[in-house]
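Step one of this worksheet: look at the structure below.
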Amino acid sequence: MTRSRLLLLLSLLPLLLATGSSPPATLRQAAEAAGLRVGTAVRPYALAEAAYSETLGREFNMLEPEDAMKWWTVRRNEGSFDFQQGDQIIRFAHAHDMKVRGHCLVWDHDNPKWLGAANFTPQHLSHLLQQHIATEMKHYAGQVFAWDVVNEAFEEHGKLKDSIWFNQPGIGFSGQGTAYIEQAFRWAHNADPKALLFYNEAEAEGMNPKSDAVYAMIKDFKHRGVPIDGVGLQLHISKLDFDADPIAKNIARLSALGIQVHVTELDVSLPVDPTGAIRGDDLRRQADIYRNVLHACLQNPGCTAIQTWGFTDKYSWIPFHSHGARGGALLFDKSYRPKPAYAAVLEELSSQAMRGH
Ligand code: 9MR
């Protein structure tokens, strides 16, 4: 058992003793007994909805702003920072005794228009990025325990993506491989030395050229003492014949490097017919996928958190980005009713807790 899991378990002993041996009633209770964080992405405007905030506080012990800490929310113009949305989430987390993951400081996507439009020099971009990382991390120091410092830097064949931060024009390390990522992690460590620093990636969850590239980068960083604490495996799943074994393999090789793994953005999208209906069979297959991913995480003590990308189908990003063709990706339906996937996750977490992990 890792030190962080042991400390979490010790802090929960009174709860475990008080609840005796009755099975946990919520994901949160089950995860706490299993020594794991269970989290979800959150949209601040939905917190005003009673069913949303009640479900969130009851079921999860970790949350992450889905968009509220991104550049385009925080940095509407060059000269000022707007932390209102993120602060709202922090207040909710504090009131409900939840940990907060921060997301994300460096990404080639969804940056504000002014950033790309001004044709800044590498020197100026370097200054802007360092200032951004330092200002946002210092604002949330002591409140955000783990940050996705860099998000989605590799393309599917394992090459670095062209981006404003890397080579278009970049922050001064164009042509030097992962040096720009290393620089971002060093700035992040200086800004908040206590925060856990994560590299977060999509479609690099199993064994493939992209996850090989991520693995090679982390190995190199650990070897040279670059400050990095973990890898986030996003896990946006859309194939119902999903195989979790390669995920377990990847978690094993990453954690063998001495880092933590968080499942950061888990959802399993399903086909939606023109009437808006989802097949019952698909909901059952979805439940199995959630269970298998969780099992892969629980098998390995280096996997310390599992997080879904939202929790109610009402606010999932999937229907919007698929023009309604897919949906139903999360643990609760649009009316906050738990789905078969919820029962599967609760059962898997509870069985782990009962085994005394
Ligand atoms: O779910 C997020 C959606 O609301 C945003 O419009 C979109 C663009 O910022 O980002 C979505 O979240 C992404 C996350 O930040 C990084 N990994 C992929 C997620 C889904 O696209």
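Atom set for the values below is all heavy atoms of this structure, side chains included, hydrogens, waters and symmetry mates excluded.
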R279/D281 ion pair, N-O < 4.0 Å: yes
Residue pair Q234 / N151, side-chain donor-acceptor N/O under 3.5 Å: yes
Distance flag, aromatic centroids of Y52 and F311, threshold under 6.0 Å: yes
Closest contact, heavy atoms only, V38 versus L27: CG1-O, 3.9 Å
Residue pair L235 / T264, side-chain heavy-atom distance below 4.5 Å: no
Evaluation steps, ring pair (Phe, Tyr, Trp, His ring centres under 6.0 Å), between F185 and Y199: CA-CA 9 Å; F185 275 87; Y199 175 76; 7.1 Å; no
When the side chains of residues 95-102 are checked against the rest of the protein, which donor-acceptor pairs come out under 3.5 Å, sequence neighbours left out?
residue, atom, partner, partner atom, Å
H96, ND1, F92, O, 2.9
R101, NE, H262, ND1, 3.0
R101, NH1, E64, OE1, 2.7
R101, NH1, D148, OD1, 3.1
R101, NH1, D148, OD2, 3.1
R101, NH2, D148, OD1, 2.9

R186 and P227, any side-chain heavy atoms less than 4.5 Å apart: yes
Nearest heavy atoms of W72 and N111, plus distance in Å: CB-C, 4.3 Å
Heavy-atom side-chain contact between V214 and I218 under 4.5 Å: yes
Side chains of T304 and Q260, donor plus acceptor under 3.5 Å: yes
Note, N77 side chain near S80 side chain (heavy atom, < 4.5 Å): yes
Shortest non-hydrogen separation from P209 to E156 and the atoms involved: CB-O, 3.8 Å
Polar contact flag, side-chain donor to acceptor under 3.5 angstrom, E265-N200: yes
Residue E203 excluded, over 12 heavy atoms near CD under 6.0 Å: no
Any side-chain heavy-atom pair of I237 and D267 under 4.5 Å: no
Steps toward side chain to side chain donor-acceptor pair (under 3.5 Å) verdict (D313, S316): CA-CA 5 Å; D313 291 337; S316 164; 5.5 Å; no
Distance-only donor-acceptor check, side chains H132 and E136, under 3.5 Å: yes
Centroid-centroid distance, H189 to W147, less than 6.0 Å: no
Considering all heavy atoms, the nearest I90-Q143 contact: CG2-NE2, 3.5 Å
Heavy-atom side-chain contact between L56 and L63 under 4.5 Å: yes
Check: I133 main-chain N/O paired with K138 side-chain donor or acceptor under 3.5 Å: no
Spatial distance of atom CD (Q29) from atom CZ (R58) [nearest 0.5 Å]: 10.5 Å
K159 atom NZ, over 12 foreign heavy atoms within 6.0 Å: no
Aromatic plane relationship, H103 with W107 - under 30° parallel, 30 to 60° tilted, over 60° perpendicular: tilted
Under 3.5 Å side-chain donor-acceptor pair for R75 and Q131: yes
Chi angles and distances behind the side chain to side chain donor-acceptor pair (under 3.5 Å) call for D67, T73: CA-CA 7 Å; D67 294 317; T73 311; over 6 Å; no
Between N250 and Y215: side-chain donor-acceptor atoms closer than 3.5 Å: no
NZ (K161) with more than 12 external heavy atoms under 6.0 Å: yes
Intermediate values then yes/no, side chain to side chain donor-acceptor pair (under 3.5 Å), Y342 and E59: CA-CA 10 Å; Y342 172 87; E59 299 290 342; 2.8 Å; yes
Polar side chain donor-acceptor pair, Y336 to E49, under 3.5 angstrom: yes
Atom of D82, atom of Q84 and distance for their closest heavy-atom approach: OD1-N, 3.0 Å
Criterion side chain to side chain contact (heavy atoms under 4.5 Å, CB included) against I181, the qualifying member of V106, I228, L160: L160
Contacts of type side chain to side chain donor-acceptor pair (under 3.5 Å), residue D333, not counting sequence neighbours: R337
Flag if over 12 foreign heavy atoms under 6.0 Å of NE2, H321: yes
Pair E66-Y315, side-chain donor/acceptor within less than 3.5 Å: no
Ring pair (Phe, Tyr, Trp, His ring centres under 6.0 Å) partners of residues 157-178, not counting sequence neighbours, each pair once: W71-W165, F166-Y180
Salt bridge present between R285 and D288 (N-O < 4.0 angstrom): no
Check: S211/R253 side-chain N/O donor and acceptor closer than 3.5 Å: yes
Ionic contact status for K249 with D245, cut-off 4.0 Å: no
Flag side-chain contact, heavy atom, 4.5 Å: S126 against W187: yes
Salt-bridge criterion met for E347 and R291 (N-O under 4.0 Å): yes
Heavy-atom pair of closest approach, residues G158 and A213: O-CB, 3.4 Å
Side-chain touch I247/F242, heavy atoms, less than 4.5 angstrom: yes
